[in-house]
Amino acid sequence: MLSLSYNVVQAVRCVYESGVADPPHSQGAQKVAHSQRKIVWETAGVGLSWKKTGKAAATVLTSKKPGLARYMGRKRTFEKEHSYELFQWVSVKLSALILRGLILSLDFDNMTYSSVYGQGPLDEREPLYHSEPFWLELNGLPNYKSQVATFVDNYSQICVDFCVNHGGEINVGTRFGPLQYFVFAGDSVAEIIQLYSSIIGRSRLKPRYVLGHHQGCYGYDTRNKVLKAGHGYVNRDIPLDGIHIDVDLQDDYRTFTIDSERRFSRPKEMFDELRALGIKSCTNITPVINLNPSDTYTTLQEGRENGHFIMDKRFDDGNSVVPVHKVEYICYEGGVKLLIDPVNEKGQFPGAEYDFTKYYNNPKEAYRGGVGYGGTLGAPGHYPNLNNANTRKWWGEQYKYLFDQGLEFIWQDMTTPAIAKEYGDMKGLPFRLMVESDCWSGKDDSPEQMKPAIEIWSLYSYNLHKATYEGLNKLEKRKNKRNFIIGRGSYAGANKWAGLWTGDNASTWDHLHISVSQVLALGTSGNEIVGTDVGGFMPAGGFDTSSGGRWAEPELLIRWYCAYSMLPWFRNHYHGKRGMKLFQEPWAFTDHFNSNPSGVHEKERYLWLSVEPICRYYVKLRYSLLQLLYDAMFEHQFNGLPIARSLVITDSEDLSLLGEQDWVLDNEYMVRNDLLVCPVMHQQSVAGGHRSIYLPQPDGWYKFNLRIDDGTLRHDGVPLEKRIPGGSKFEADAHIASEPAFLPNITPMFVREGGIIPQIEVRQHTDHIPGKINPIFIHLYPGRKTNSYRMFLDDGISRDSAPNAYIDGEEVRVDYKSADEGKDRFADVDTDPEAKNKFREIVFEQVYISSQSSPPYDANVNLNKQQSFNFQTKKRTLKITVPRDNFDPSDYIGDVITLVFWHDPSSSCTRSQEVKYEGHAWAKDHYHNKQCNSTVVTISADLTEDEEFTISVPM
């Protein structure tokens with residue numbers, strides 16, 4: 001509730017007491033939850049202020065900072081340039097907590113994250129590619145279930161002052177456009193994300209193969225190189241779902257073309273050959289149209305004839321346009337600020353030379369820019385007017401040829417749009433270039449407006465992804481197929497159409513270290529498919545390979561693969577052009593060593609020979625857990641939560657995560673709610689391959705015990721080790737070794753007590769193979785925690801299998817409605833119009849029932865001791881229901897589902913054979929696996945909607 005009193009705006013809500021020290025109800029303790037009305041956000045000082053300078057108005061909103069609040073977000077700085085304030089988007093270790101500082105928003109094409117300040121990726125001031133002015137306020141009301149977040153909806157420059165100029169105030173300023181300020185308040189971070197994603201939109205359901213393993217290279221510049229890479233993965237038994245071909249595919253860097261006469265002859269045959277291996281192909285599409293003459297380039301001809309390009313009209317501040325000979329573009333390289341004279345400075349690529357004075361501020365001429373791809377590679381070009389709906393429609397139509405040849409998805413690169421520094425500001429459009437704006441102005445009948453590019457900086461990339469996605473959906477060849485785009489930065493809400501990768505990083509330990517936290521922070525703002533270039537795109541020394549080598553260090557690639565084995569976007573991507581990296585595919589390290597063993601230092605040989613087996617193991621482990629990833633992606637449709645989650649999402653009541661244990665927030669993550677991944681992100685020389693582990697409280701944990709199949713039964717993992725109490729901190733040995741028995745230890749993983757984890761058979765790719773089923777095993781872990789799991793079964797590729805309306809919250813069950821039903825309930829306006837709910841949802845709910853009374857709750861007794869429980873409980877029950885049954889999965893998973901009930905080491909083996917069934921007769925068989933200390937139950941997969949089945953199994 002908002003209240004206004006004496007020019008102070010307040011947000012007030014009823015909040016409940018919180019804390020991990022609450023008495024466990026399962027032990028019989030009684031505690032009454034108390035609620036109070038509390039102010040969760042309020043303005044301070046003058047509240048709202050503004051200043052008009054020329055045609056621009058700057059607005060500032062001041063709010064109070066709660067004394068103990070911690071902030072999760074990004075940190076930025078700013079400086080003045082010309083008559084504009086150039087706010088530089090600067091990322092931090094994105095899941096770290098900010099106490100004080102300035103944050104600002106402006107996306108920027110920043111290769112290796114070091115252009116502006118020259119210090120590298122750990123420098124929190126460096127601007128990056130994506131703009132999403134959203135931050136969390138945690139612990140603003142200690143001991144209460146209350147979290148707050150803020151989103152500022154503005155495409156241009158935003159500055160946030162966290163208590164720099166005043167210790168108790170937060171100042172939020174916009175330089176251009178309106179200050180649209182959203183405050184979200186909820187009981188938990190998860191609820192905040194649900195609220196935020198309901199405003200900006202949730203990701204459309206993506207194809208299953210997106211969650212597979214992908215390989216890209218700037219340097220796969222011939223048909224043979226592409227096919228060699230694809231066959232290499234198949235021959236070396238490493239699963240692969242996607243190959244990404246850079247602009248090398250194009251005919252002389254002409255977007256939407258294929259060089260079918262020389263380097264990529266018979267492209268359809270090439271794509272078909274890869275598809276037969278289960279490998280889907282994509283290519284790099286940049287928003288620039290090569291203007292070098294060509295009789296066959298219809299995209300250029302149509303763009304000119306139909307007015308689809310941005311014209312060269314410059315901003316007039318009321319005193320006239322800046323004279324042509326006084327124009328300067330700004331950019332940064334290696335920490336050095338450059339002032340560029342576009343009259344006399346040009347790019348290095350063919351066609352870069354032109355008469356700037358002829359084009360400048362000539363509204364009859366299309367703006368002329370250009371894009372460089374390194375050295376003399378690149379082309380001059382015009383830029384599509386993507387802020388115009390007609391141009392977006394035309395842009396989408398240009399993909400027809402590529403998809404007719406066999407392309408499956410799109411890699412959207414240079415999205416700013418990235419422009420060579422001689423043709424615009426900050427490697428983007430000139431700040432003062434007038435561009436069309438179709439952003440919402442508050443009036444439905446508002447006419448189209450022209451604005452300087454800097455005022456709506458992020459709108460261009462937002463509309464680029466929108467145009468591509470909507471265009472693909474309209475292609476006849478893509479009828480009822482889910483489409484996917486992986487984009488290099490945009491603006492809040494672009495996640496509806498595209499996944500996000502974080503730009504051109506490098507093969508350094510610093511880049512690995514921040515890469516996990518980047519994914520987790522973007523997840524807190526509702527981004528679902530997110531990742532970095534695994535292994536690093538650039539060599540460690542950048543373009544100077546003499547200092548950084550021509551490959552990623554073997555140890556670095558191993559750790560990167562392990563860290564990303566369960567993160568949503570998993571693409572190995574590198575710069576393989578002449579003079580850069582020689583290889584980065586895991587199997588290529590083995591080949592390189594075998595061809596020149598004497599060239600590798602003796603102490604490093606085991607590392608070179610460990611790359612392939614370790615990477616193979618963790619890629620296969622990912623594929624065995626693909627149903628877990630897919631269920632989390634599907635569930636995002638309903639709750640907006642990411643696949644990989646920061647611990648503040650899953651364990652927000654563990655207040656130590658905001659205090660003495662906050663060090664884990666950028667190096668441990670959860671997959672959905674039950675699987676904790678703790679990758680090693682430092683060199684073995686730092687701690688001998690060991691790392692510190694912290695397990696959130698109050699829940700207990702088990703060391704992850706599942707293994708990939710490789711010819712063995714999937715329910716034959718290893719017996720559970722002793723339960724580890726929540727709140728425990730310890731060292732884990734995770735050194736690099738290629739012995740098969742030790743491979744699972746290289747990346748420590750843990751399962752929450754009561755956890756539910758699905759597992760499937762490892763395949764070379766995610767495609768369904770007709771006639772070859774892949775049965776599902778549901779692994780159920782012991783503990784006192786009641787838990788539920790929602791599994792979604794569909795064909796993994798069709799648009800009509802997606803849900804067509806939201807379920808409002810995790811705990812609220814609402815019937816799905818078709819498009820012409822349920823007009824009185826909330827539905828996401830961005831729901832795919834082709835969604836028809838053609839999926840089966842199975843809900844597993846595991847409940848623990850104690851057979852004896854628990855001791856009374858005593859606040860003076862150590863918490864971990866009170867959390868211990870007697871494993872001689874009477875039983876645990878699993879209830880299975882099917883809320884939605886619009887899909888028959890028998891051709892995909894077979895006729896049965898296998899349930900594996902794991903038992904704690906203290907559990908009696910004989911009692912676990914006492915299995916009872918209630919409800920529908922779905923049970924097929926059960927037995928006790930003494931070797932693994934588990935009870936295995938087989939049930940029919942022919943489950944029926946609105947029926948329920950309960951299994952009782954002793955602890």
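L657 and D651 make their closest contact through CD1-O, 3.5 Å (heavy atoms, listed as atom of the first residue, atom of the second, distance). I649 and P642 get closest at one heavy-atom pair: CD1-CG, 4.0 Å. S656 and Q697 make their closest contact through OG-NE2, 4.1 Å (heavy atoms, listed as atom of the first residue, atom of the second, distance). Closest heavy-atom contact between C217 and H573: N-CD2, 3.7 Å. When every heavy atom of G535 is checked against every heavy atom of S507, the shortest pair comes out as O-OG, 2.6 Å. Closest approach of S801 to F839, counting heavy atoms only: O-CD2, 3.1 Å.
Side-chain contact of Y564 with T532: a donor-acceptor pair under 3.5 Å is present, judged by distance alone. Using modelled atom types and a 3.5 Å distance limit, the side chains of Y561 and H213 yield a donor-acceptor pair. A donor and an acceptor atom, one from each side chain of T766 and D241, are located under 3.5 Å apart. A donor and an acceptor atom, one from each side chain of N572 and Q584, are located under 3.5 Å apart. Counted by atom type alone, E137 and W135 present zero donor-acceptor pairs between their side chains at under 3.5 Å. Counting only N and O atoms by type, the side chains of N886 and N837 include no donor and acceptor under 3.5 Å apart. At a cut-off of 3.5 Å, with distance as the only test, no side-chain donor of N804 or D832 sits close to an acceptor on the other residue. A side-chain N or O of H779 and one of Q759 form a donor-acceptor pair less than 3.5 Å apart. Counted by atom type alone, Q215 and Y233 present one or more donor-acceptor pairs between their side chains at under 3.5 Å. In the model, D654 has a side-chain atom that pairs as donor or acceptor with a side-chain atom of Y694 under 3.5 Å. A donor-acceptor contact closer than 3.5 angstrom links the side chains of N483 and R478. Under the 3.5 Å distance criterion, with hydrogens and angles disregarded, no donor-acceptor pair is assigned to the side chains of S461 and T415. Donor-acceptor pairing under 3.5 Å is recorded for the side chains of Q412 and T468.
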Determine, stepwise, if the pair H130 / W501 fulfils ring pair (Phe, Tyr, Trp, His ring centres under 6.0 Å). CA-CA 9 Å; H130 184 71; W501 107 93; over 10 Å; no
Steps toward side-chain contact (heavy atoms from CB on, under 4.5 Å) verdict (L793, I776): CA-CA 11 Å; L793 303 175; I776 292 178; 3.6 Å; yes
side-chain hydrogen bond (donor to acceptor under 3.5 Å, both in side chains) between E132 and Y491, intermediate numbers included: CA-CA 6 Å; E132 188 142 2; Y491 182 72; over 6 Å; no
Apply side-chain hydrogen bond (donor to acceptor under 3.5 Å, both in side chains) to residues T502 and Y113 and explain how you reach the verdict. CA-CA 10 Å; T502 58; Y113 309 175; 3.1 Å; yes
Working note: V530 + N495, criterion side-chain contact (heavy atoms from CB on, under 4.5 Å); need CA distance, chi angles, decisive distance, verdict. CA-CA 9 Å; V530 188; N495 60 291; over 6 Å; no
Check the pair M791 / E841 against side-chain contact (heavy atoms from CB on, under 4.5 Å), numbers first and verdict last. CA-CA 6 Å; M791 184 169 70; E841 179 184 4; over 6 Å; no
Show your working on side-chain contact (heavy atoms from CB on, under 4.5 Å) between F409 and V210 and close with a plain yes or no. CA-CA 10 Å; F409 61 109; V210 167; over 6 Å; no
Y623 and E761: CA distance, side-chain angles, deciding distance, side-chain hydrogen bond (donor to acceptor under 3.5 Å, both in side chains) verdict: CA-CA 8 Å; Y623 274 68; E761 196 176 83; over 6 Å; no
With ring pair (Phe, Tyr, Trp, His ring centres under 6.0 Å) as the test, would you mind laying out the steps for F638 and F792 before giving the verdict? CA-CA 12 Å; F638 309 135; F792 300 92; 5.7 Å; yes
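Qualifying ring pair (Phe, Tyr, Trp, His ring centres under 6.0 Å) partners for Y462, counting only residues two or more places apart in sequence or in other chains: W497. Partners of Y789 by ring pair (Phe, Tyr, Trp, His ring centres under 6.0 Å), not counting sequence neighbours: none found. With sequence neighbours left out, W569 forms a ring pair (Phe, Tyr, Trp, His ring centres under 6.0 Å) with H214, H244, F484.
Using cut-offs of 30° and 60° on the angle between ring planes, the pair F151 and F134 is tilted.
From R204, atom CZ reaches atom OH of Y469 across 4.5 Å, with rounding to the nearest 0.5 Å. Between D699 atom CG and N787 atom CG the span is 9.0 Å, to the nearest 0.5 Å. Between atom OG of residue S565 and atom CD1 of residue I614 there is a gap of 12.0 Å, rounded to the nearest 0.5 Å. Between the CZ atom in F184 and the CG atom in L136 there is a gap of 10.5 Å [rounded to 0.5 Å]. Rounding to the nearest 0.5 Å places CG of L675 at 7.0 Å from CG of L625. To the nearest 0.5 Å, atom CG of residue D800 and atom NZ of residue K838 are 4.0 Å apart.
Looking at R691 and E668, a side-chain N of the basic residue comes within less than 4.0 Å of a carboxylate O on the acidic one, giving a salt bridge. Between R672 and E635 there is a salt bridge, since at least one side-chain N of the basic residue sits less than 4.0 Å from a carboxylate O of the acidic one.
A cation-pi contact, defined as under 6.0 Å to the ring centre and within 45° of the axis, links R208 to Y630. A cation-pi arrangement, defined by a distance under 6.0 Å to the six-membered ring centre and an angle within 45 degrees of its axis, is present between R571 and W411.
Side-chain contact between S515 and W560: present, with at least one pair of heavy atoms (C-beta onward) separated by less than 4.5 Å. Between M670 and L647 the shortest side-chain heavy-atom distance falls below 4.5 Å. The closest side-chain heavy-atom distance from T881 to F844 is not below 4.5 Å. Counting heavy atoms from C-beta on, the side chains of R645 and V671 never come closer than 4.5 Å.
For the side-chain contact (heavy atoms from CB on, under 4.5 Å) test with L500, the passing option among I485, L522, I529 is L522; the others fail. For the side chain to side chain donor-acceptor pair (under 3.5 Å) with S197, the lone residue among R202, H636, K496 that qualifies is R202. Residue D794 forms a salt bridge (Lys or Arg N to Asp or Glu O under 4.0 Å) with just one option from R799, K836, R482, and that option is R482.
In terms of modelled atom types and a separation under 3.5 Å, the side chain of Y196 and the main chain of T150 share no donor-acceptor contact. A distance-only check finds no donor-acceptor pair linking the side chain of Y669 to the backbone of S517 [under 3.5 Å]. A donor-acceptor pair under 3.5 Å links the side-chain atoms of Q764 to the main chain of I238, judged by distance alone.
Centroid-to-centroid, the aromatic rings of F887 and Y892 come within less than 6.0 Å.
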